[in-house]
Participant: 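One structure coming up, written as C-alpha cells, with questions to follow.
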Amino acid sequence: MKIVEQIGLTALRQIDPETAHGLALLALRAGAAPAPGLLTSDRLRTEVAGLRMANPVGLAAGFDKNAQALSGLSRAGFGFFEVGAATPRPQQGNPRPRLYRLTEDKAAINRFGFNNQGMEAIAARLADRPRDAVIGLNLGANKDSEDRAADFATVLTHCGKHLDFATVNVSSPNTEKLRDLQGKDALASLLAGVIEARDGLGRPLPVFLKIAPDLDEAGLKDIAEVAMASGVAGVIATNTTLGRDGLISHHKSQGGGLSGQPLFEKSTRVLARLSVLTEGKLPLIGVGGVGSAEQAYAKILAGASAVQLYTALVYGGLSLVQEIVEGLDALLARDGFANVAEAVGSKREAWA
C-alpha cells in the first residue's frame, strides 16, 4: 500500500463510515484512487458461465450501489464487478446510522435495506458503461412492493441490455422477510420469472443466485436442487451473516448483516458444501472474508470459479486488489496449476 493511500484510509476511518464510503466513491470517480489497469496472466485468465475474465477477483455488490464509479472500477484491477442492488423504484433504505466498522475484527455490520436511486437512474449510467469490463447488476426488491418476486424480473427487463450478468439477491438480511424467498417453492417460482425475463432480452445473459451463509443442510440441499433445475448460470456464496460468534469490537451487537474476516470460514464451508451437492457442475462465486491472496485461493480450492471482496477494502484500500491478484497468480504457479479452472474444487471435500 502506498503511503498516500495509507494516509487517506486513516483519515477516512476517523469519520462516519457511510460518509467515508461516499468519499471513496468520489475519489474513484475523480481518478484519485489506485488504478493498475488490466491485471492478468495465462494462469489467471478464466471463463465463468460464459464470462471471460482477465482474472477471477471481483468486487461484490454494495460498494457502488448506483453505478456511479464504473470507469474508476474498470481500472482498479478487478476481473469483474457487480453494482447495485437495484430496485424498481428509488428507496431510502433504513435510517442512519446503518453501517458500523468492527475494526478489531476487520469486519463490518450494515443494515442498509437496499438503499438506491432506482433502476431508471442506474440503467442510464450503465448505458454509458466501459465496454472492456465485465459488469453485473445485483437485482433487488422494494421493501413495500406488493409482489417482491416480480420486482427482480422488472429490474432485469429494464437494465438487462446493459449488463454482462445479473444476480438475484434473496439473501440480504436487511429487508424484512426477504430471505423467506430462499424457500424451495418460492425460490423456484421467483427464478422462473427472472429466467423468463432474461429470455425476453434475446441474448444469453448469465443469471446468478446469491444465497445466505446461515442456511442449514436441508436448506442448502433445496438451494442446490432448485438452482440446478432453474436455468441459473451459477450461485454466489455467500451474502452477510446474522451470526455474531467470536466478535470483540464495540459494535458487535448492532443489528444487520456481518461481513469481513469473521465470515470467512462459515461462507467457505457453505461454498464447499454447495460444490459437493452440485457435484461441481454449477459455477460458484465465493464471497465472504476474502482479504488476502491465500483466502481467495482457499475459496477457489473449496469450489469457487471466481471470488468477490468488499469489506477488506475498508481496511486494505483498493491497492489490495492488485496484491490479491498477483498473490493468487503466484500461489497457482507454486502448486503447479496451469490455470484457475484446474484448481477449482480440488480441496472441496476438506472444506465441506
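What you see is a predicted model, and the numbers here were worked out from it, not measured in a lab.
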Participant: Without hydrogens or angle criteria, can the side chains of Thr311 and Ser259 be said to hold a donor-acceptor pair below 3.5 Å?
Facilitator: yes

Participant: Can you list the steps and then say if Glu265 with Arg269 is a salt bridge (Lys or Arg N to Asp or Glu O under 4.0 Å)?
Facilitator: CA-CA 6 Å; Glu265 286 206 16; Arg269 293 191 189 286; 3.5 Å; yes

Participant: Taking Asp185 for the side chain and Ala188 for the main chain, is one N or O donor matched with an acceptor at less than 3.5 Å?
Facilitator: no

Participant: Using a strict cut-off of less than 4.0 Å between a Lys/Arg side-chain nitrogen and an Asp/Glu carboxylate oxygen, indicate whether Lys266 and Asp245 qualify as a salt bridge.
Facilitator: no

Participant: Side-chain contact, heavy-atom cut-off 4.5 Å: Val207 with Val194?
Facilitator: yes

Participant: Please walk me through it: do Ile324 and Gln295 pass side chain to side chain contact (heavy atoms under 4.5 Å, CB included)?
Facilitator: CA-CA 9 Å; Ile324 291 176; Gln295 288 175 319; over 6 Å; no

Participant: So does Thr46 get a backbone contact from the side chain of Asn339, meaning a donor-acceptor N/O pair under 3.5 Å?
Facilitator: no

Participant: Could you see if Val287 belongs to whatever hydrophobic cluster contains Leu301? Use Ile, Leu, Val, Met, Phe, Trp, Tyr and a side-chain cutoff under 4.5 Å.
Facilitator: no

Participant: Indicate if Leu9 and Leu102 have the same hydrophobic cluster label, given that clusters are the connected sets of ILVMFWY residues with side-chain heavy-atom separations under 4.5 angstrom.
Facilitator: no

Participant: Give, for atom CD1 of Ile211 and atom CG of Leu209, the distance between the pair rounded to the nearest 0.5 Å.
Facilitator: 7.0 Å

Participant: So, for Ile285 and Ala304, which heavy atoms are closest and what is the spacing to 0.1 Å?
Facilitator: C-CB, 4.4 Å

Participant: Among pairs that include at least one residue of residues 323-352, which meet ring-ring contact (aromatic ring centres under 6.0 Å, His included), considering only residues two or more places apart or in two chains?
Facilitator: Phe264-Trp351

Participant: Which atom pair, heavy atoms only, marks the closest approach of Arg101 to Ile15?
Facilitator: NH2-O, 2.8 Å

Participant: Do the side chain of Arg89 and the main chain of Thr87 share a donor and acceptor less than 3.5 angstrom apart?
Facilitator: no

Participant: Does Thr103 form a side chain to side chain donor-acceptor pair (under 3.5 Å) with Asp105? I'd like the steps, not just the answer.
Facilitator: CA-CA 5 Å; Thr103 303; Asp105 298 298; over 6 Å; no

Participant: Can you check side chain to side chain donor-acceptor pair (under 3.5 Å) on Arg13 and Tyr315, steps first, answer last?
Facilitator: CA-CA 9 Å; Arg13 285 199 287 266; Tyr315 302 101; over 6 Å; no

Participant: Are any side-chain N or O atoms of Glu5 and backbone N or O atoms of Leu318, one a donor and one an acceptor, separated by less than 3.5 Å?
Facilitator: yes

Participant: With distance as the sole criterion, is a donor-acceptor pair present between the side chains of Asn55 and Thr40 under 3.5 Å?
Facilitator: no

Participant: What's the verdict on side chain to side chain donor-acceptor pair (under 3.5 Å) for Glu82 and Asn138, showing C-alpha distance, side-chain angles and the deciding distance?
Facilitator: CA-CA 7 Å; Glu82 187 176 341; Asn138 193 278; 2.9 Å; yes

Participant: Answer yes or no: is there a donor N or O on one side and an acceptor on the other, between the side chain of Arg98 and the main chain of Asn94, under 3.5 Å?
Facilitator: yes

Participant: Carefully, step by step, assess Glu104 and His250 under the rule side chain to side chain contact (heavy atoms under 4.5 Å, CB included).
Facilitator: CA-CA 9 Å; Glu104 295 85 353; His250 173 67; 5.9 Å; no

Participant: Which pair of non-hydrogen atoms, one from Ile195 and one from Ser230, has the smallest distance, and what is that distance?
Facilitator: CG1-O, 3.6 Å

Participant: Can you tell me if Ser249 uses its side chain to pair, donor with acceptor, with the backbone of Lys252 under 3.5 Å?
Facilitator: no

Participant: If you measure only the distance, is there a donor-acceptor pair under 3.5 Å linking the side chains of Ser267 and Lys299?
Facilitator: yes

Participant: Can you give me the closest heavy-atom contact between Ala298 and Thr268, atom names plus distance?
Facilitator: O-CG2, 4.4 Å

Participant: Which pairs, with at least one residue in residues 147-190 and sequence neighbours excluded, count as a ring-ring contact (aromatic ring centres under 6.0 Å, His included)?
Facilitator: Phe165-Phe208

Participant: Would you mind listing every ring-ring contact (aromatic ring centres under 6.0 Å, His included) that reaches into residues 25-80, with sequence neighbours excluded?
Facilitator: His21-Phe63, Phe63-Tyr310

Participant: Please confirm whether the backbone N or O of Ala150 pairs with a side-chain atom of Thr154, one donor and one acceptor, at under 3.5 Å?
Facilitator: yes

Participant: Evaluate the side-chain proximity of Ile109 to Arg244: yes if any heavy-atom separation is below 4.5 Å, no if none is.
Facilitator: yes

Participant: Looking at Ile135, is its backbone amide N or carbonyl O close enough to the side chain of Asp164 to form a donor-acceptor pair, meaning the two atoms are under 3.5 Å apart?
Facilitator: yes

Participant: Do the side chains of Met53 and Val290 join up, straight or via other hydrophobic residues, at under 4.5 Å, putting them in one cluster?
Facilitator: no

Participant: I'd like to know if the side chain of Gln117 pairs up with that of Arg125 as donor and acceptor (distance under 3.5 Å, no hydrogens or angles considered).
Facilitator: yes

Participant: Compare every heavy atom of Ala352 with every heavy atom of Val276, then report the nearest pair and how far apart it is.
Facilitator: CG2-CB, 3.8 Å

Participant: Show, in sequence, the C-alpha distance, side-chain angles and deciding distance for Gln91 and Asn142, and conclude whether the side chain to side chain donor-acceptor pair (under 3.5 Å) test is met.
Facilitator: CA-CA 7 Å; Gln91 187 162 272; Asn142 282 116; 3.1 Å; yes

Participant: Decide yes or no on side chain to side chain contact (heavy atoms under 4.5 Å, CB included) for Thr167 and Leu139, but give the supporting numbers first.
Facilitator: CA-CA 6 Å; Thr167 300; Leu139 312 175; 5.9 Å; no

Participant: Measure from NZ or CZ of Lys65 to the centre of the six-membered ring of Phe112, then state whether that distance is under 6.0 Å and the direction lies within 45° of the axis.
Facilitator: yes

Participant: Give the intermediate values and the outcome of side chain to side chain contact (heavy atoms under 4.5 Å, CB included) for residues Val307 and Leu328.
Facilitator: CA-CA 11 Å; Val307 302; Leu328 179 59; 5.9 Å; no

Participant: Membership question, hydrophobic clusters at under 4.5 Å side-chain separation (ILVMFWY): are Leu220 and Val232 in the same one?
Facilitator: yes

Participant: Take atom CG in Asp144; do more than 12 heavy atoms of anything else shown fall under 6.0 Å from it?
Facilitator: yes

Participant: Are Ile236 and Leu190 joined in one hydrophobic group, where the rule is that I, L, V, M, F, W and Y side chains link up if heavy atoms are under 4.5 Å apart?
Facilitator: no

Participant: Using modelled atom types only, decide if a donor and an acceptor are shared between the side chain of Asn116 and the backbone of Gly118 within a distance under 3.5 Å.
Facilitator: yes

Participant: Do Arg203 side-chain atoms and Gly160 backbone N/O form a donor-acceptor pair below 3.5 Å?
Facilitator: yes

Participant: Ignoring hydrogens, what is the shortest heavy-atom contact between Ser74 and Ala133? Give both atom names and the distance.
Facilitator: CB-CB, 3.9 Å

